[in-house]
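For the single chain, residues carry numbers from 1 onward in sequence order.
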Amino acid sequence: MTDTSVPQQQTAAFPSLADIEAAQRTIAGVARVTPMETSQFLAELLGSPVHLKCENLQRTGAYKVRGAYNRLAALSPEQRAAGVVAASAGNHAQGVALAARELGIPATIFTPVGVALPKLQATRHYGADVVLRGHSVEEALSAAKDFAAHTGAVFIPPFDHPDVIAGQGTLGLEIIDQVPDVDTVVVPIGGGGVISGIALAVKGMAERLGRPIRVIGVQAENAAAYPSSITAGEPVTITTKPTISDGIAVARPGDLNFPIIRDLVDDIVTVSDDDTARALLVLLERAKLVVEAAGAVGVAAIMSGAVRDTGRTVVLLSGGNIDPLMMERIITRGLVAASRYIGIRIMLPDRPGQLARVAQVISDAGANVVEVLHTRHGQGLVINEVALDLSIEARGPEHAQEVIQRLHEVGFRPELLEN
């Protein structure tokens, strides 16, 4: 990833800048031109202005409708009559369903049995026939391809197709239009559809403008297929681990996306789930934006220091489709990661008044106890000893340390619990 100019020997399969500009005309009136917000908080961390491209406010709640509509619009009358089929656990499903409805094309979406209820309901609301099949996206994908083979329906891939890439690339054109002096664009990576489209658009526009623009990709560290693929020089399949950023948990780069990213993306970094949870919490509190975990990894990269000061920066918030129950869990994780929610254990003599003493110390330190477990039955306890487990709300790392120090000063020996 050293040559950041548009490849001179670009294959015919790669969308050109003209293709992306044509896609922008195609999707006009269907996909919204989403807002570009600024973040003073992130700017202070990075040392340069930071802008947030809010595709979480796009129709269907994510950028996917751009590529889906551009692909479906290119189908022949015969293909439209045969219908389309896709497999997805979320954003791609909704993008295809909405695009099909707008174009009057029958759509069938295969999705895993455990798909989040809000995403399932939204996909059905857009008019698609939703089929629950298997317990993973891979199983749903296999079923969708079988369906296409038996019915003649056109399979719509989530990222590995020139029309899809061109549609996603319209984001790059909007970014340049909204922030003409952008220096760096930070983009989440799953299979690679959106960053390959943005990279083609941004690097193409950079050549026209006669100045460099960097593109940085961000993956969840538990599902980072691109770093190892770049090292290998070809797409390789990894074993993904569980991650809250399920929307970008893709085990293998797209065949078409990989060479674009290899040649045009300047750097790829990874972030942990704790980094992402903190970022999601900051977006809620500071920017008042609801963003799904996969859509927040670019912010996580700035907050964790994985992305350093590279001038005026635009971060893509790629989607906002988050299950409220998952949001609750991620917010809690974010609070824990930010030391605003800590668990401690204190061993106490089994006599009256000890719990009240502990509670008073914590109260005097300005913290709040939200959960208490007081037991005589834990392993390792001696006779006349009890274990007190407390969940405490604090204002951050320094305040949490102050609470623990206050407890030490009066003779208690608190131990931090793993959350």
Side-chain angles (χ1 to χ4, degrees), residues 1-7 14 46 63 91 136-138 157-160 164-165 168-169 171-172 183-200 202-203 212-280 292-310 313-319 337:
M1 294 186 293
T2 56
D3 180 8
T4 58
S5 63
V6 176
F14 291 178
L46 188 64
Y63 69 90
N91 293 338
S136 68
V137 175
E138 288 73 21
F159 47 81
D160 204 359
V164 174
I165 294 172
Q168 320 302 26
L171 267 166
D183 297 301
T184 302
V185 182
V186 182
V187 185
I189 306 180
V194 68
I195 194 171
S196 55
I198 287 176
L200 286 166
V202 165
K203 296 295 186 176
I213 302 175
R214 289 170 53 82
V215 178
I216 298 176
V218 186
Q219 292 208 282
E221 64 180 23
N222 283 352
Y226 269 92
S228 56
S229 296
I230 295 294
T231 300
E234 61 183 3
V236 297
T237 302
I238 65 166
T239 299
T240 62
K241 300 176 182 177
T243 173
I244 60 175
S245 300
D246 58 342
I248 53 173
V250 179
R252 186 180 188 278
D255 290 326
L256 182 57
N257 311 109
F258 174 78
I260 300 172
I261 293 168
R262 178 197 60 204
D263 294 345
L264 298 184
V265 172
D266 298 276
D267 195 12
I268 296 174
V269 301
T270 63
V271 293
S272 70
D273 277 1
D274 281 348
D275 295 333
T276 302
R278 282 191 290 264
L280 190 146
E292 62 191 86
V297 295
V299 172
I302 290 177
M303 292 179 60
S304 68
V307 170
R308 302 289 184 176
D309 186 357
T310 48
T313 299
V314 172
V315 181
L316 173 63
L317 307 181
S318 57

- Apply the test side-chain hydrogen bond (donor to acceptor under 3.5 Å, both in side chains) to residues D273 and T276: give CA-CA distance (whole Å), side-chain angles for both, the deciding distance (0.1 Å), then the verdict. CA-CA 5 Å; D273 277 1; T276 302; 5.1 Å; no
- Are any non-hydrogen side-chain atoms of F159 and L256 less than 4.5 angstrom apart? no
- Do the side chain of Q168 and the main chain of S196 share a donor and acceptor less than 3.5 angstrom apart? no
- Message: Minimum heavy-atom separation for P253 and S229, please, with both atom names.
- Response: CG-OG, 3.4 Å
- Message: To the nearest 0.5 Å, what is the distance between CG on N257 and CD1 on I189?
- Response: 10.0 Å
- What's the spacing between I195 CD1 and L316 CG if we round to 0.5 Å? 9.5 Å
- Note on the structure: Tightest non-hydrogen contact, residues N222 and P242, listed as ND2-O, 2.8 Å
- Message: Is there a side-chain contact between V164 and P158 in this structure, where contact means two heavy atoms from C-beta onward sitting under 4.5 Å apart?
- Response: no
- Message: Using 0.5 Å steps for rounding, measure from the CD1 atom of I198 to the CD1 atom of I165.
- Response: 12.0 Å
- What heavy-atom pair brings A220 and T243 nearest, and what distance separates the two atoms? CB-OG1, 3.8 Å
- Interatomic spacing from CD1 in I244 to CD in E292 - rounded to 0.5 Å: 11.0 Å
- Task: Verify, without hydrogens or angle tests, whether D183 (side chain) and T310 (backbone) share a donor-acceptor contact under 3.5 angstrom.
- Result: no
- Task: Kindly compute the distance separating CD1 (I302) from CZ (R308), expressed to the nearest 0.5 Å.
- Result: 12.0 Å
- Query: How long is the gap from CD on E221 to CG on D274, to the nearest 0.5 Å?
  - Reply: 9.0 Å
- Query: Should D266 and K203 be marked as a salt bridge (charged side-chain N to carboxylate O under 4.0 Å, His left out) after you check the CA-CA gap, both sets of side-chain angles, and the distance that decides it?
  - Reply: CA-CA 11 Å; D266 298 276; K203 296 295 186 176; 2.9 Å; yes
- Message: Please give me the minimum heavy-atom distance between S318 and G295, naming the atom from each residue.
- Response: OG-CA, 3.2 Å
- Determine the minimum heavy-atom distance between G191 and Y226, stating which atoms define it. O-OH, 2.6 Å
- Note on the structure: All heavy atoms of V269 vs all of D267, minimum pair found to be CG1-OD2, 3.8 Å
- Item | Name of the residue among T184, V187, V215 meeting side-chain contact (heavy atoms from CB on, under 4.5 Å) with V202 | V215
- Message: I want to check something: taking the side chain as every heavy atom from C-beta on, are I268 and I261 in contact at a cut-off of under 4.5 Å?
- Response: yes
